[in-house]
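All heavy atoms count here, side chains included; hydrogens, waters and symmetry mates do not. Letters A, B, ... mirror the listed sequences (proteins, then strands); counts begin at 1.
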Protein chains: 2
Amino acid sequence: MNGKEQLDQARERVIETMAQNMNLYGVTDSIGRLYGMLYFHDEPMTLDDMKEELGMSKTSMSTSVRHLLELKMVEKVWKKGIRKDLYKVEEDWYQSFTDYFNIKWRYGIARNILAIEKSMTELNKLVASEDTDEEVRAEAKADLMKLQNALNYYDWIERFIDCLESGKIFEIVPRKEH
Amino acid sequence: MNGKEQLDQARERVIETMAQNMNLYGVTDSIGRLYGMLYFHDEPMTLDDMKEELGMSKTSMSTSVRHLLELKMVEKVWKKGIRKDLYKVEEDWYQSFTDYFNIKWRYGIARNILAIEKSMTELNKLVASEDTDEEVRAEAKADLMKLQNALNYYDWIERFIDCLESGKIFEIVPRKEH
DNA sequence: CTGTTCGTACAGTTTTTACTGTACAAACAA
DNA sequence: TTGTTTGTACAGTAAAAACTGTACGAACAG
């Protein structure tokens with residue numbers, strides 16, 4: 001097959017940089033490489049296919065795919081007559097971008113908000129209490145202001161993600177048609 | 001100092017979750033904790049202060065601060081009469097959010113675009129060449145379409161980051177005033 | 001039911017990353 | 001100049017993460 005090596009080389013280059021890029025989504029290079037490889041495969045793949053293609057253990061493929069599923073960057077495909085699970089990449093990268101924020105950022109922020117609210121309750125008590133040392137009270141008040149700012153920021157982030165999720169962002173920053 | 005423990009406990013809780021959240025920015029928990037600690041310190045701190053406060057080595061403080069500087073999440077402060085370097089957090093979290101994309105995402109995408117363009121050039125040659133096997137040619141053509149889509153997506157991301165950087169995003173998703 | 005096949009939990013290993021202590025260069029003080 | 005102080009490079013160590021192989025439960029085939 002004349003030209004096969006050049007084809008593979010061209011793919012490999014893209015896959016490698018894509019994989020490093022995907023660190024931004026919190027996945028390792030090797031998971032990124034798996035994604036990239038799947039990206040260039042037009043047919044859905046089984047874990048054994050991937051294992052074969054990347055020369056890694058099936059266990060690794062299993063956990064890597066799980067990561068990508070969690071991020072909704074790959075999806076399971078059903079095909080009658082085939083017992084093995086099949087996977088393919090989510091083709092819509094805009095969707096993947098949005099999903100990332102929806103999954104990772106929203107989750108992180110929710111946890112953070114809980115912690116902040118709990119601490120604010122405690123600090124309010126501290127400020128209200130007569131037993132509290134004056135210096136401590138002053139610090140607590142300052143902290144309360146900081147935490148309120150933090151809450152405001154998280155509120156903004158949530159609305160920002162809403163803006164992505166609803167697709168409103170595309171009114172401001174339109175998709176490039178081609 | 002009555003109430004000091006409660007104050008510290010309230011802070012610690014927030015710092016810990018904040019630190020984990022900062023994994024989203026690609027920094028470790030311990031760097032996140034340093035950031036959180038700095039966040040609650042109203043006065044700028046020296047490396048030795050941090051080392052003392054966190055019970056870690058000065059070397060660690062040095063490299064951690066460097067990471068945070070790179071992300072523009074902390075900044076150096078000059079104070080006359082003090083020889084040691086002083087650092088404080090960037091208070092504007094909206095700015096930090098924008099900076100993160102500007103620094104990390106733009107960089108990654110730029111690298112990726114270069115790789116894609118190079119591969120597209122090669123693939124175009126491959127498609128044009130008469131020596132190329134027909135099957136390979138077909139795959140190369142399919143790849144070219146995929147890569148063009150990728151370029152379109154990266155173009156969108158760049159415009160998206162422009163939208164953050166210019167502050168236009170705040171017209172759509174306004175800051176919460178309080 | 002018994003045989004396979006498939007995906008994954010788990011334990012163990014390898015690799016990578018985070019962290020420390022030392023040593024040293026640069027900047028300053030005297 | 002010489003003596004300090006400060007930040008960081010570097011090498012070594014400790015901790016964490018990635019990866020592998022085995023073993024096993026679940027799903028299906030016959």
Side-chain angles (χ1 to χ4, degrees), chain A residues 15-16 18-38 43-71 73-88 104 108, chain B residues 15-16 18-38 43-71 73-88 104 108:
Chain A
I15 289 173
E16 198 54 44
M18 250 171 78
Q20 286 176 34
N21 227 203
M22 282 177 64
N23 293 340
L24 295 173
Y25 288 100
V27 302
T28 61
D29 282 21
S30 84
I31 294 181
R33 251 176 270 123
L34 171 60
Y35 178 88
M37 193 263 289
L38 269 175
E43 290 303 307
M45 295 179 85
T46 67
L47 294 179
D48 285 310
D49 294 337
M50 301 174 200
K51 167 193 144 137
E52 194 65 27
E53 186 80 25
L54 295 178
M56 291 178 72
S57 71
K58 196 174 177 180
T59 306
S60 275
M61 296 303 95
S62 178
T63 56
S64 294
V65 164
R66 186 192 300 158
H67 280 277
L68 291 169
L69 282 171
E70 197 200 339
L71 283 165
M73 287 181 163
V74 309
E75 51 190 10
K76 212 182 246 196
V77 175
W78 292 102
K79 224 171 187 174
K80 68 174 179 183
I82 297 186
R83 271 179 65 184
K84 295 182 182 182
D85 295 349
L86 289 164
Y87 302 96
K88 74 179 189 69
K104 291 292 177 185
Chain B
I15 289 173
E16 198 53 44
M18 247 172 78
Q20 286 176 34
N21 228 202
M22 283 177 64
N23 293 340
L24 294 172
Y25 288 100
V27 302
T28 61
D29 282 23
S30 83
I31 294 180
R33 252 175 270 122
L34 171 61
Y35 177 87
M37 192 265 286
L38 268 175
E43 291 302 308
M45 296 178 84
T46 67
L47 294 179
D48 286 309
D49 295 337
M50 301 173 200
K51 165 191 144 136
E52 194 65 29
E53 186 81 25
L54 295 178
M56 291 177 73
S57 71
K58 195 174 178 182
T59 306
S60 275
M61 297 302 97
S62 177
T63 55
S64 294
V65 164
R66 187 192 299 159
H67 280 278
L68 291 169
L69 282 172
E70 197 200 339
L71 282 165
M73 287 181 162
V74 309
E75 49 191 10
K76 212 182 244 194
V77 175
W78 292 101
K79 224 171 189 176
K80 68 174 177 183
I82 297 188
R83 269 179 65 183
K84 295 182 182 182
D85 295 349
L86 290 164
Y87 302 96
K88 73 179 190 70
K104 292 292 178 184

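You'll find the side chain of B/M22 reaches within 4.5 Å of the side chain of B/L68, heavy atoms only. Residues A/Q20 and A/D29 are in side-chain contact: their nearest non-hydrogen atoms beyond the backbone lie under 4.5 Å apart. Side-chain atoms of A/M56 and A/R33, non-hydrogen and from C-beta on, never get closer than 4.5 Å to each other.
Taking atom CD1 of A/I82 as the reference point, atom P of D/dC28 lies 15 Å away to the nearest angstrom.
Of the charged side-chain nitrogens involved, at least one lies within less than 4.0 Å of a carboxylate oxygen, so that B/K104 and B/E70 count as a salt-bridged pair.
Across all strands shown, nothing is found opposite C/dG3 as a Watson-Crick or G-U wobble partner with both distances under 3.5 Å. Across all strands shown, D/dC28 has no partner, as no Watson-Crick or G-U wobble contact with both distances under 3.5 Å is found.
From B/M45, atom CE reaches atom CG of B/L34 across 8.0 Å, with rounding to the nearest 0.5 Å.
Only one option out of B/K51, B/E52, B/K58, B/K84 pairs with B/T46 in a side-chain contact (heavy atoms from CB on, under 4.5 Å); it is B/K84. When B/L86, B/D85, B/V65 are each tested for a side-chain contact (heavy atoms from CB on, under 4.5 Å) with B/L47, only one passes: B/V65.
For the pair A/M50 and A/M61, the tightest heavy-atom approach, listed with the atom from each and the gap, is CB-SD, 3.5 Å. For the pair A/L54 and A/M37, the tightest heavy-atom approach, listed with the atom from each and the gap, is CG-CE, 3.8 Å. Looking at every heavy atom in both residues, A/Y87 comes nearest to A/L38 through O-CD2, 3.7 Å. Pairing each heavy atom of A/G36 with each of A/M18, the nearest pair is CA-CE, 3.8 Å.
DNA chain D lies under 4.0 Å from at least one heavy atom of each of the following residues of residues 57-67 of chain A: A/S57, A/T59, A/S60. For DNA chain D, the residues of residues 45-56 of chain A within the heavy-atom distance limit of 4.0 Å (strictly under) are A/M56, sorted by number.
No N or O donor and acceptor, one from the side chain of B/R83 and one from the base of D/dT6, sit under 3.5 Å apart.
Classification of C/dG3 as syn follows from a glycosidic angle within 90° of 0.
Using a 4.0 Å cutoff to heavy atoms of chain A, the contacted part of DNA chain C runs 5' to 3' from C/dT5 to C/dC10.
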